[in-house]
Student: 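Okay, here's the structure, questions in a sec.
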Amino acid sequence: MMFLAPGTPFFDRDEAGTGDTDDDFRAVTSQTPDDWSCHTGPDWTMLAPHGFRMPPQGWKIHVSATSENAQSILARSWEYLVDRRIAFKFIRSRQVLLRRNGKYGDRGASGKFITVYPEDENRLASVLNELGAILDGEQGPYILSDLRWRSGPLYVRYGGFVARTMKSEKGETVPCIEDPEGRLVPDLRGPSFRPPEWVTIPDCLTEAVQARNAGTLRDFPYRAEQALHFSNGGGVYRGTDLRTGEPVLLREARPLAGIDRNGEDAVARLLRERDCLRKLAGLKWVPELIDARVGHEHHFLVREYVEGETLGVRTTRDNPSSPNADPDRTAAYTRWALDVLDQIEQGVRAMHERGVVFGDLHPGNVLVRPDGSVAFIDLETASTDLTAHQIHAAPGFTAPSTHRGKDIDRYALGCLRIALFAPFTSLLPWDAGKLDQLIELVESRYPVPEDYGAKVRADLAPLTTLDGTGEQDGRAEEVSGDLPTDSARHLAAGRRGLTAVGQGILATATPRREDRLFPGDTAQFLLPEGGACLAYGAAGVLWALSEAGTEVPAAHIDWLEESARRFTNPSPGLYTGTSGVACALQRLGRTDAAAALLQEASGAEPANDSLLDGRAGLGLAHLYMARATGDDAALKHATVLAEQLVESAASRPPRRGEAGLMRGRSGGALLLLRLHAHTPDTGLLDGARDLLDTDLRALGWTVEAGAVRAEVGEGWAEGAVGVRPTFAAGSGGTAMVLSEYLARRHEPRFALACETVLRGALDCIPHTAGLFHGFAGVLLAATRLAGPAEAAVVERRAATLGLYEVTHEGRPAFLGLENVRLTTDLATGAAGVLLALNAANTTPGTVAFL
C-alpha cells in the first residue's frame with residue numbers, strides 16, 4: 001500500500017511525508033539546537049549532539065505514538081532529550097506514521113515513533129524513569145519486538161545502533177549485530193521480545209520482565225495452535241476450545257494498530273464484525289460466533305472453525321481454462337461454478353435481509369466446505385449501514401465510488417461471475433472494453449446459460465443511491481487508468497504491435513527523476529539499484545526496446561550511465577544489481593562505462609548461486625562481455641564463478657524456494673552450457689545435467705531413468721506451482737535451459753520434459769501479463785520450445801496478449817503483479833511483453849542470458 005500513491009496509474013512513492021510538506025511535524029523544521037547535527041531522510045529525522053560517539057549496539061528505547069498524540073509526545077521528548085544531550089531520531093511526518101501503523105504496515109515497525117540511544121545502562125535507567133514519567137498515560141500501538149516499560153508508551157529492545165548488514169544463510173542482506181566473539185549475527189526483530197542469549201538483562205528492566213511474564217493468557221479458555229495469517233492489526237489462528245475440545249478460529253486485534261483509510265484500528269473492525277455476526281446468527285452461510293473477549297491487551301473474536309478451501313484455491317486448481325480442455329471436464333466445472341454462484345447469491349441476499357452488507361466479497365473470503373456448501377469469512381469490513389461507502393476490498397472486486405451498501409456486494413457478485421471462469425476482473429477499471437471481452441471469453445469457452453452476460457451486467461450496475469432515486473450522485477468514477485469507450489480490442493500483430501508497445505513504454509519515461517526512468521514494480525523503491533537494474537529498472541526496459549528494434553533515445557542511455565555512477569556498495573547481481581546494468585550499457589554502445597561497472601561488480605561477493613542475483617547471473621554477465629569485447633579476463637572470471645557454483649551445489653541441497661530459472665539450479669546449468677560453447681569440456685555438460693535434474697525435482701517433477709513427470713496429477717495444470725510453465729519460478733524457464741542442453745546432447749527424459757512443458761505453455765493463461773510470472777514468460781517459453789509444427793499455434797498464443805492489454809493515453813499498456821498498477825519493467829510489465837512479442841515474431845534464438 002505504501003507505493004499506491006494517489007493520482008498516478010503507476011507504483012510510486014507517496015510524496016506526502018517524503019519531502020518538505022505541511023504534514024511534517026514541527027520539530028522537522030525547527031531550529032537545530034546549538035552543537036547538534038540533524039539529518040532528515042524520507043522517513044526519519046536524526047539528531048545527535050556534536051562529539052557524541054554512537055555505540056554500535058546496545059539497549060535502545062522506542063516511544064510509541066498515534067497520529068493524534070504524536071506532536072505532543074515529540075515536543076516533550078525533544079525538550080527532555082536535547083536538554084540531556086541524548087541522541088535520538090523520530091518519524092518525520094504524520095503520513096509516514098500512519099503508514100507504519102496502518103493496516104498494511106510492517107508489524108516489526110508498527111508503533112515505533114521515536115528511537116532513543118542511551119550510551120550505557122545507567123543512562124537507560126534514567127531515561128526510562130524520567131521520560132517515562134513525563135509521558136505517563138499516553139497511548140500508542142504495542143511494539144511487538146520490544147519489552148514494555150510499565151504502562152506508558154516506552155518500550156525497550158537490544159539491537160544495533162548503527163546500520164550494519166550481513167548476508168543471511170539464504171543470501172539475503174539483513175541487519176546485524178556483533179556477538180561476544182566478534183562475529184556478525186542477524187539482529188532479529190521478531191514479533192516478541194527475545195534479546196540475544198548472550199545479553200544480560202539490566203537490573204532496571206527486572207520489573208518490566210516480571211510484568212511481561214505475569215501478563216499471560218492463563219484464564220483464556222482457548223489455545224492457538226496454528227497461525228493462518230498475520231497483519232499489522234493482528235493474527236488469525238486455528239485453535240481449540242479447551243473446555244470442549246472443539247476446533248475454533250481466533251481473530252486477534254491490536255489496539256491502535258492496523259489503521260485503515262477511515263482511521264479505524266483493528267479493534268474497531270473486530271467489534272463491528274462481532275456485531276454483524278450476532279445479527280447474522282443462524283444463517284447457514286455464516287460461521288457461528290462463539291466468544292469475544294480481551295486477553296493481555298489484545299482483543300479476540302472466537303468463531304466456529306470452518307473446514308474447507310477458499311474459492312480462490314478451488315478455482316485456480318480446478319478451472320480447465322485451456323481452450324483445448326476436455327469438454328466433459330469443462331462442463332462439470334461449469335455446473336459446479338454456477339451452483340456455487342447461486343449459493344453465494346442466496347447468502348448475500350439473506351445477509352441483506354438481516355440488514356448487513358458484506359463489503360468485501362471476493363474468492364478469498366468464501367470457503368467451500370467438503371460437502372460443497374459455502375461459508376462467508378472475514379467480515380471485518382461488514383456494516384449495518386446500508387448507505388456506506390466501501391472501506392476496502394480486494395483488487396478486481398472493488399466497487400466504483402458511486403456504489404453504496406447492497407450495490408457494493410452486487411458488484412462483487414458480478415465480478416465473481418466472471419472470476420470463477422476468467423480471473424481478470426482486476427482489468428475492468430482500467431478499460432471499459434474489458435467487460436465485453438471477458439464475457440465473450442467466458443461464453444466462448446464454457447457452457448454458461450444464455451442470460452450469463454445479462455446477469456453480469458445487471459450485477460455491476462448500481463440499482464440505488466443515497467437518495468433512492470436511482471440517479472447517481474455526480475461523483476467522478478475513481479479508476480486507476482483510462483476508460484476508452486471502444487469494445488474489446490486485440491494487440492496488433494507483428495511489427496505494428498511491437499512498435500505500439502515500444503512507443504507506449506517510451507511515453508512513460510521520466511528522465512528528470514533520479515530514482516527511476518520508467519515506472520515499474522515496487523522493487524524499484526525497495527532495492528538499492530531498483531530503478532536502474534535489469535529486472536525492474538531502466539536497464540531491462542532499454543534492453544527490451546533495443547532487442548525489438550525500437551530506437552532508444554541517447555538521453556535515456558545517459559540516464560542509465562549516470563545512475564550507475566551513483567551506486568554505493570552495489571549488489572553485483574545480474575537482474576537486480578550492477579552486472580546486468582553493465583550488460584545493458586554494453587548492448588547500447590557505452591563500452592567504457594560497461595567495462596568499468598562490470599569490473600566493480602567483479603570485486604563483490606555474490607549473494608548466492610542464482611541467476612537472479614548470484615554467481616550464475618554474474619558469470620553469464622562476464623560471458624556476455626567476453627563475447628562482445630573479446631576480453632579473456634572476463635571469460636576466466638566466468639569460469640571461476642562456474643567452478644565455485646558447482647562446488648557450492650555439491651555441498652548442499654536446494655532450500656525451499658530455490659527452484660526454477662531465477663532462483664534454482666537451472667541458472668547455474670545455463671552458465672555451464674554457455675561456457676561449453678568456449679570449450680569442448682564434456683564435464684560442463686555433465687554438471688549442467690546434474691543441476692537440471694536437481695531443479696526439476698525442486699520444481700515438483702520426478703526424474704527417472706526413462707521419464708520425467710509431474711509428481712501430482714496428469715499435467716502441469718494440476719500440479720504444484722513449479723510445474724506450471726511460467727518463466728522465473730515455474731517449469732517454463734527451466735525447460736528453456738533443457739532445450740539448450742538438448743541442442744548439445746540428447747537426453748530422452750529432458751526431451752519429454754520439454755514436450756510436456758510446451759503442451760502446458762500452449763494452454764496456460766496466467767493471471768498477469770509479465771515476463772517473470774505471467775503470460776509473456778509462458779509465451780517466451782512456448783516460442784523457444786516450439787518446432788515448425790507448432791508455429792501457427794504459437795502465433796495464435798501471441799494474440800492472446802490482447803487479453804491483458806489496457807490503454808494508457810491512447811497506447812497499449814500492461815499491469816504488473818496482482819494487476820494493481822501499470823508497469824513497464826522487464827520482470828512484470830510492458831518491457832517483458834515486448835521481449836516475448838519480439839521473440840514470437842522473429843526466428844527463435846539465444847538472446848544473451850534469457
Side-chain angles (χ1 to χ4, degrees), residues 1 100-111 141-148 157 168 170 172 174 186 188-194 212-213 215-260 265-267 269-271 273-274 277 287-313 360 362-369 375-381 392 394 655-657 721:
M1 291 293 288
R100 294 168 73 93
N101 289 347
K103 181 176 173 61
Y104 301 101
D106 178 8
R107 296 172 74 223
S110 179
Y142 196 105
I143 300 177
L144 296 174
S145 61
D146 290 20
L147 175 68
R148 186 169 193 173
R157 72 175 291 266
S168 70
K170 295 182 179 180
E172 300 170 336
V174 298
L188 300 177
R189 305 175 185 185
S192 61
F193 174 68
R194 291 186 179 179
R212 176 183 178 274
N213 294 337
T216 63
L217 297 175
R218 283 191 292 264
D219 59 344
F220 197 68
Y222 309 99
R223 181 176 61 242
E225 296 170 336
Q226 180 185 4
L228 304 178
H229 175 71
F230 285 117
S231 74
N232 197 19
V236 180
Y237 311 88
R238 177 173 179 165
T240 297
D241 188 328
L242 299 177
R243 299 162 299 188
T244 65
E246 292 294 318
V248 295
L249 185 120
L250 302 168
R251 290 180 63 85
E252 174 193 33
R254 299 175 54 217
L256 307 175
I259 308 298
D260 61 28
D265 68 359
V267 173
R269 293 192 297 274
L270 183 137
L271 295 178
E273 180 173 5
R274 176 202 65 188
L277 286 174
E288 175 191 357
L289 174 66
I290 297 173
D291 196 0
R293 62 170 63 208
V294 178
H296 194 38
E297 299 191 40
H298 291 190
H299 290 243
F300 291 89
L301 182 147
V302 187
R303 67 157 173 81
E304 167 196 2
Y305 183 82
V306 180
E307 294 284 353
E309 297 176 303
T310 67
L311 189 57
V313 170
D360 192 19
H362 65 85
N365 279 350
V366 178
L367 280 182
V368 182
R369 297 183 177 100
F376 299 144
I377 59 173
D378 194 1
L379 272 67
E380 71 170 8
T381 60
H392 66 80
R655 300 185 181 96
R656 183 177 181 180
V721 172

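Keep in mind it's a predicted model, so treat the numbers as computed, not measured.
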Student: Locate the shortest heavy-atom distance separating Arg157 from Phe193; write the atom from each residue and the value.
Tutor: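 Heavy atoms of Arg157 and Phe193 come nearest at CA-CE1, 4.3 Å.
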
Student: Who are the side-chain hydrogen bond (donor to acceptor under 3.5 Å, both in side chains) partners of Glu297, not counting sequence neighbours?
Tutor: Arg148

Student: Tell me, do Phe376 and Asn365 make a side-chain contact under 4.5 Å, heavy atoms counted?
Tutor: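 Side chain of Phe376 against side chain of Asn365, heavy atoms only: no contact under 4.5 Å found.
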
Student: Apply the test side-chain contact (heavy atoms from CB on, under 4.5 Å) to residues Asp106 and Arg100: give CA-CA distance (whole Å), side-chain angles for both, the deciding distance (0.1 Å), then the verdict.
Tutor: CA-CA 6 Å; Asp106 178 8; Arg100 294 168 73 93; over 6 Å; no

Student: Show me the pairs that pass salt bridge (charged side-chain N to carboxylate O under 4.0 Å, His left out) and involve residues 238-250, at least two apart or across chains.
Tutor: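 Every pair satisfying salt bridge (charged side-chain N to carboxylate O under 4.0 Å, His left out) with a residue in residues 238-250: Arg238-Glu307, Asp241-Arg243.
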
Student: So, using ring pair (Phe, Tyr, Trp, His ring centres under 6.0 Å) as the criterion, who are the partners of Tyr237 when residues are at least two apart?
Tutor: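 Ring pair (Phe, Tyr, Trp, His ring centres under 6.0 Å) check on Tyr237 returns Phe230.
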
Student: Using a 6.0 Å cut-off, check whether atom CZ of Arg369 has over 12 heavy atoms from anything other than its own residue.
Tutor: yes

Student: Using the test side-chain hydrogen bond (donor to acceptor under 3.5 Å, both in side chains), find all partners of Asp146 that sit at least two apart in sequence or belong to another chain.
Tutor: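 side-chain hydrogen bond (donor to acceptor under 3.5 Å, both in side chains) list for Asp146, sorted by chain: His62.
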
Student: Nearest 0.5 angstrom please: Thr381 OG1 to Asp360 CG, how far?
Tutor: 4.0 Å

Student: To the nearest 0.5 Å, what is the distance between CZ (Arg107) and CD1 (Ile143)?
Tutor: 13.5 Å

Student: Is it true that a side-chain atom of Glu273 and a backbone atom of Leu379 form a donor plus acceptor pair closer than 3.5 Å?
Tutor: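 Yes; at least one donor-acceptor contact below 3.5 Å.
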
Student: How long is the straight-line distance from CG of Asp291 back to CZ of Phe300, given to the nearest 0.5 Å?
Tutor: 11.5 Å

Student: Which atoms form the tightest heavy-atom contact between Leu242 and Phe220, and what is the distance?
Tutor: CD1-O, 4.1 Å

Student: Which atom pair, heavy atoms only, marks the closest approach of Pro287 to Ile377?
Tutor: CG-CG2, 4.4 Å

Student: Does the side-chain contact (heavy atoms from CB on, under 4.5 Å) test come out yes or no for Arg254 and Val267, once each step is laid out?
Tutor: CA-CA 6 Å; Arg254 299 175 54 217; Val267 173; over 6 Å; no

Student: Within the 4.5 Å heavy-atom criterion, are Glu288 and Tyr305 side-chain neighbours or not?
Tutor: no

Student: Which atoms form the tightest heavy-atom contact between Ser231 and Lys103, and what is the distance?
Tutor: CB-O, 4.2 Å

Student: Tell me, please, which residues at least two apart from Glu304 pass salt bridge (charged side-chain N to carboxylate O under 4.0 Å, His left out).
Tutor: none

Student: Could you tell me which non-hydrogen atom of Ile290 sits nearest to which non-hydrogen atom of Val248, and how far apart they are?
Tutor: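 Scanning both residues, the minimum pair turns out to be CD1-CG1, 3.7 Å.
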
Student: Mind checking whether Glu309 and Leu367 have side chains closer than 4.5 Å, heavy atoms only?
Tutor: no

Student: Strictly distance-based, threshold 3.5 Å: is any side-chain N or O of Asn101 a donor or acceptor partner for the main-chain N or O of Gly111?
Tutor: yes

Student: Looking only at heavy atoms, what is the nearest atom pair of Val236 and Arg251, with distance?
Tutor: CG2-NH1, 3.9 Å

Student: Taking side-chain hydrogen bond (donor to acceptor under 3.5 Å, both in side chains) as the definition, give me every residue that meets it alongside Ser110, ordered by chain and number, with sequence neighbours left out.
Tutor: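 Listed in chain order: Asn232.
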
Student: Quick one: do Tyr222 and Thr240 satisfy side-chain contact (heavy atoms from CB on, under 4.5 Å)? Show the steps, please.
Tutor: CA-CA 6 Å; Tyr222 309 99; Thr240 297; over 6 Å; no

Student: Measuring from Glu380:CD to Leu301:CG, what's the distance to the nearest 0.5 Å?
Tutor: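 The CG atom of Leu301 is 11.0 Å from CD of Glu380, to the nearest 0.5 Å.
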
